[in-house]
Amino acid sequence: MITNVMRRVYLDNNATSPVDPLVLKAMLPFYEEAFGNAASIHAPGQTARTGVEEARGRVASLLGAETSEIVFTSGGTEADNAAIRGVAAARRTRGDHIITTTIEHPAVLRTCEQLEAEGFRVTYLDPDVDGLISVSQVEQALSEDTILISVMYANNEVGSIQPLREIGRIAREGDVVLHTDAVQAVGKIPVDVKQLGVDLLSLSAHKFHGPKGVGALFIKSGLELKPFMLGGSHERGRRAGTENVPGIVGLGEAARRASESLQDFGARVGGLRDRLEEGILEQIPDTVLNGPRDNRVPHTSSISFDHLEGETLLIGLDFQGIAVSTGAACSSGSLQPSHVLTAMKLSPRRIQGAIRFSLSRMTTAEDIDYVLQTLPAMVEKMREMSVRR
Ligand code: PLP
């Protein structure tokens with residue numbers, strides 16, 4: 001019997017990534033025999049506690065942090081909320097000004113907007129045409145009342161890497177807290193909290209082959225932060241709620257696996273990304289890269305296809321088994337144009353025709369070949385049809 005199984009290529013890893021089989025294997029015992037509550041004193045509780053603390057060590061080691069500086073959360077969104085609201089509440093008497101950028105994830109943007117409604121002043125820095133923020137923009141925005149700078153490390157739509165280390169230097173000089181949403185950087189490029197000089201850093205497990213619904217916030221030792229989740233004394237009083245033990249163990253294993261593969265991630269995944277990008281830009285006319293060619297994470301590529309709607313192309317690719325995105329997963333369901341590409345001041349036509357390809361360490365050369373075999377003819381056909389209409 002001949003069965004025709006459609007080839008599936010997953011290039012939407014910035015939305016979420018497949019769980020590494022070793023991560024799942026590490027998690028399963030914590031759903032089964034090691035089901036204890038990590039806050040319990042008895043043996044089952046202590047087994048769970050050991051799992052949580054081992055995971056904390058692995059996350060800390062991936063970031064160059066101390067274990068006491070890692071607090072587990074329900075993901076990147078909670079870590080961003082906890083960082084920004086926590087600093088705002090702790091430093092309100094010192095000042096009311098926050099600096100962020102217009103290309104942040106909604107987890108940061110909506111939190112800042114809410115703080116504005118509560119009386120804080122927020123400066124939103126616009127990126128340049130490549131999606132990059134400059135150090136001098138941050139310097140100019142600083143004022144006596146600035147209490148917090150929140151700038152993402154790597155952008156989720158175009159992959160631009162912000163000059164965090166230099167921003168960290170300015171923040172230290174001005175005694176301003178620096179938070180970074182590093183959800184799209186951790187596990188992909190080296191992230192060392194000491195070298196970057198950040199006080200707070202958010203990460204999320206499901207972006208680097210860990211489970212969904214778990215993440216962490218790095219809180220530099222000694223930093224005052226008001227908890228916004230109140231209840232029991234979990235996570236040393238910094239985040240109440242029974243720990244998601246299997247999820248945390250999964251995050252720890254994902255961090256360990258990421259540390260192992262980090263060295264060749266750039267060369268291997270970046271090499272595949274470049275081949276995909278060059279293939280598209282060379283073979284398909286009227287295509288253009290969005291975002292910087294260089295200061296960019298190795299796994300992300302945003303390309304605009306002129307004379308086409310990104311959504312149409314996304315659906316066409318899906319029919320061929322290829323999963324991509326028109327932008328961020330959280331906004332692609334809405335018909336709003338991408339706030340990142342809009343902030344970069346790209347033309348409406350270029351924004352409408354944008355597709356994001358995001359790779360992972362599980363992406364293969366065959367995956368890229370399949371896309372390059374499929375896409376040119378598809379684009380040509382779709383363009384012909386749209387001209388005829
Ligand atoms: N920050 C960035 C840059 C992201 O890309 C995402 C996820 O899309 C988040 C935060 C939110 O993370 P989570 O899905 O874990 O809440």
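In listed order, ligands and their atoms are each counted from 1.
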Contact partition for K212 relative to ligand 1, non-hydrogen atoms under 4.0 Å =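 None of K212 does.
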
Is it the side chain (CB and beyond), the backbone, both or neither of T77 that lies under 4.0 Å from ligand 1, heavy atoms counted?
->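 T77 to ligand 1: contacts from backbone and side chain alike.
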
Under 4.0 angstrom from ligand 1, any heavy atom of K207?
->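 Yes.
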
Can you tell me if H206 has a non-hydrogen atom under 4.0 Å from ligand 1?
->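 Yes; H206 lies near enough to ligand 1 that a heavy-atom distance drops under 4.0 Å.
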
Hey, are R49 and E243 close enough for a salt bridge, meaning a charged N less than 4.0 Å from a carboxylate O?
->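 Result for this pair is yes, salt bridge flagged.
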
Charged N to carboxylate O under 4.0 angstrom, D175 versus R94?
->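 Result for this pair is yes, salt bridge flagged.
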
Are any of the N/O atoms in D181 less than 3.5 Å from those in ligand 1?
->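 Min N/O separation from ligand 1 is below 3.5 Å for D181.
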
Mind checking whether V183 has an N or O less than 3.5 Å away from an N or O of ligand 1?
->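 Among all N and O atoms of V183, none is under 3.5 Å from an N or O of ligand 1.
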
Partners passing side chain to side chain donor-acceptor pair (under 3.5 Å) against E113 (at least two apart in sequence or in another chain) =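 Here the qualifying residues are R110.
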
Test the R92-F120 pair against the cation-pi criterion, namely NZ or CZ under 6.0 angstrom from the six-membered ring centroid and within 45° of the ring axis.
->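 Output yes; distance and angle both within limits.
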
Assess the side chains of N14 and T300: does a donor N or O sit below 3.5 Å from an acceptor N or O?
->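 N14 vs T300: donor-acceptor pair found between side chains.
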
Pair D126, T102: side-chain N/O donor-acceptor within cut-off below 3.5 Å |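 The answer is yes; a qualifying pair exists.
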
Check each atom of ligand 1 against the heavy atoms of [X] and keep those under 4.0 Å away; list them by number with element.
| X | answer |
| --- | --- |
| G75 | 15 (O) |
| N156 | 3 (C), 5 (O) |
| M152 | 3 (C) |
| S204 | 13 (P), 15 (O) |

When rounded to the nearest 0.5 angstrom, what distance separates CD1 in I189 from CD1 in I161?
->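 Output value for this atom pair is 4.0 Å.
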
